[in-house]
Protein chains: 2
Amino acid sequence: MLSIGELSRKTGVKVPTIRYYEQMKLVTAPERSEGNQRRYSNVELERLTFIKHARDLGLKIDAIRELLDLSAHPEQPCEDANRIAEDHLVATRERIAQLQRLEAELMRITTGCQGDSIKDCYVIQSLSDHALCQDGH
Amino acid sequence: MLSIGELSRKTGVKVPTIRYYEQMKLVTAPERSEGNQRRYSNVELERLTFIKHARDLGLKIDAIRELLDLSAHPEQPCEDANRIAEDHLVATRERIAQLQRLEAELMRITTGCQGDSIKDCYVIQSLSDHALCQDGH
DNA sequence: ATAATCTCTCTAGTGACTATAGCTTCAAGA
DNA sequence: TCTTGAAGCTATAGTCACTAGAGAGATTAT
């Protein structure tokens, strides 16, 4: 049996976050010691590892809840699990593309500045200028 | 003089968001009509355009506040403005790199699944398996 | 004058935690 | 056995940047 601190160290999930997950019913309330402290078994260790891994991949709590529900039904087809992962892959790619557009714009702004006082600063000008922000970034 | 709705249409910033910015003191409280409605001049239009542009680039409110302070002092050197923009560029690149690692991992997971029921599902297995998450992503 | 639209303030909710306060329990050493 | 310090408990509030909703008043077009 693990204390919440030991579980935290084994999974890399912070103690308050574990309690938060319990509140959100992502993990079920574990047994308690005589003195009312949480005591976890390997079942909970595995579940929390699953959650940690999924969170690290950027999956939302709701998506993780769905995956956990699915994994509780081993005979069901795995289409749904794939769909969740693939949807997230698509969203991740979109986010990357968007950030790359921003990166290009930031590069343009930061490398363009030749002035040495604010009144000539290209960064400030670019942000001020309505014309510059119209075309698409 | 513009109503808050007109300002919203011109800048692309939603009406409640404009009021929120006023509360956060990013924009100063404008004049009011007889009936207590906000009336904006071009000064505020430009300031809000600046804010919108900066937010679209992903800059945080605090960074924007700093840039606005800087732009109020045209004779100051523009190093600080450049630093803010460059810091954000670096952070954006790191975020892109991180998302690309996640993308690779998600691809591995989603394309690896050959099973057709949850008990063989590679997505679920990958998330469950502690070994798979140790090495680096 | 009236209807439709806009605007006002205020409060609360979002997601996924994080921080704080004030208390109790546990484990290890003297 | 006693003590001390770390770890754990609950409950509440704060974070960021908004967004939603209620219920009331203002403005504009017809």
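Everything numeric here is computed off the predicted structure, so don't read it as measured data. A, B, ... follow the sequence lines: proteins, then strands. Residue 1 opens every chain. The analysis underlying the following values was restricted to heavy atoms, covering all of them including side chains, and did not include hydrogens, waters or symmetry mates.
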*Return the residues of residues 86-97 of chain A meeting this criterion: a heavy atom under 4.0 Å from some atom of DNA chain C. Order them by number, or give none.*
none
*First-last contacting nucleotides on DNA chain C - partner chain B, under 4.0 angstrom, heavy atom*: C:dT7 to C:dT9
*Which whole-number value in Å describes the distance from B:Met1 CE to D:dA26 P?*
20 Å
*Where do B:Ile84 and B:Ala63 come nearest, in terms of heavy atoms and distance?*
CG2-CB, 4.0 Å
_Which residues pass the salt bridge (Lys or Arg N to Asp or Glu O under 4.0 Å) test with B:Arg93, not counting sequence neighbours?_
A:Glu103
*Hey, which sits more toward the 5' end of DNA chain C by its nearest nucleotide, A:Thr17 or A:Glu34?*
A:Thr17
*Assign each of B:Pro16 and B:Gln37 to its nearest nucleotide of DNA chain D by heavy atoms, then name whichever residue's nucleotide is nearer the 5' end.*
B:Pro16
*Among B:Ile124, B:Val123, B:Ile109, which residue meets the side chain to side chain contact (heavy atoms under 4.5 Å, CB included) test with A:Asn82?*
B:Val123
*Report the distance from atom CD of B:Glu6 to atom P of D:dT27, rounded to the nearest whole Å.*
13 Å
_From OH of B:Tyr20 over to P of D:dT19, roughly how many Å is that when rounded to an integer?_
10 Å
*asked:* What I'd like to find out is whether the side chain of A:Glu6 reaches to under 4.5 Å of the side chain of A:Tyr40, using heavy atoms alone.
replied: no
*asked:* Using the rule side chain to side chain contact (heavy atoms under 4.5 Å, CB included), only one of A:Leu48, A:Asp56, A:Thr49 pairs with A:Lys52; which is it?
replied: A:Asp56
*Starting at CG of B:Leu26 and ending at C1' of D:dA17, how long is that distance when rounded to a whole Å?*
11 Å
_Restricting to non-hydrogen atoms, name the atom on B:Arg55 and the atom on B:Lys60 that form the minimum distance, rounded to 0.1 Å._
NH1-CA, 4.1 Å
*Residue pair A:Ala85 / B:Thr110: nearest heavy atoms and the distance that separates them*: CB-CG2, 3.4 Å
*By salt bridge (Lys or Arg N to Asp or Glu O under 4.0 Å), which residues pair with A:Arg38, not counting sequence neighbours?*
A:Glu22
Kindly give the atom pairs (protein nitrogen or oxygen, nucleotide nitrogen or oxygen) under 3.5 Å for nucleotides 10-14 of chain D.
unit_1: D:dT10; atom_1: OP1; unit_2: A:Arg32; atom_2: NH1; d: 3.3
unit_1: D:dT10; atom_1: OP1; unit_2: A:Arg32; atom_2: NH2; d: 3.1
unit_1: D:dT10; atom_1: OP2; unit_2: A:Arg38; atom_2: NH1; d: 3.0
unit_1: D:dT10; atom_1: OP2; unit_2: A:Arg38; atom_2: NH2; d: 2.9

*Spacing of A:Tyr40 atom OH relative to D:dA7 atom C1', expressed in whole Å*: 13 Å
*With sequence neighbours excluded, tell me which residues meet salt bridge (Lys or Arg N to Asp or Glu O under 4.0 Å) with A:Glu66.*
A:Arg83
*Between the side chains of A:Gln98 and A:Arg101, does any donor sit under 3.5 Å from an acceptor?*
no
*Return no unless some side-chain N or O of A:Ser3 is found under 4.0 Å from OP1 or OP2 of D:dG8.*
yes
*Any side-chain N or O of B:Lys60 less than 4.0 Å from the OP1 or OP2 oxygen of D:dA17?*
no
*Round to the nearest Å and state the distance from A:Ile4 atom CD1 to D:dA7 atom P.*
13 Å
*Relative to the 5' end of DNA chain D, which residue comes earlier, B:Ser33 or A:Val15, by the nucleotide with the nearest heavy atom?*
A:Val15
_Residue pair A:Ile61 / A:Leu26, side-chain heavy-atom distance below 4.5 Å_ = yes
*Side chains of B:Glu44 and B:Ser41: donor-acceptor distance under 3.5 Å anywhere?*
yes
*Separation of atom CG in B:Leu2 from atom P in D:dT27, rounded to whole Å*: 16 Å
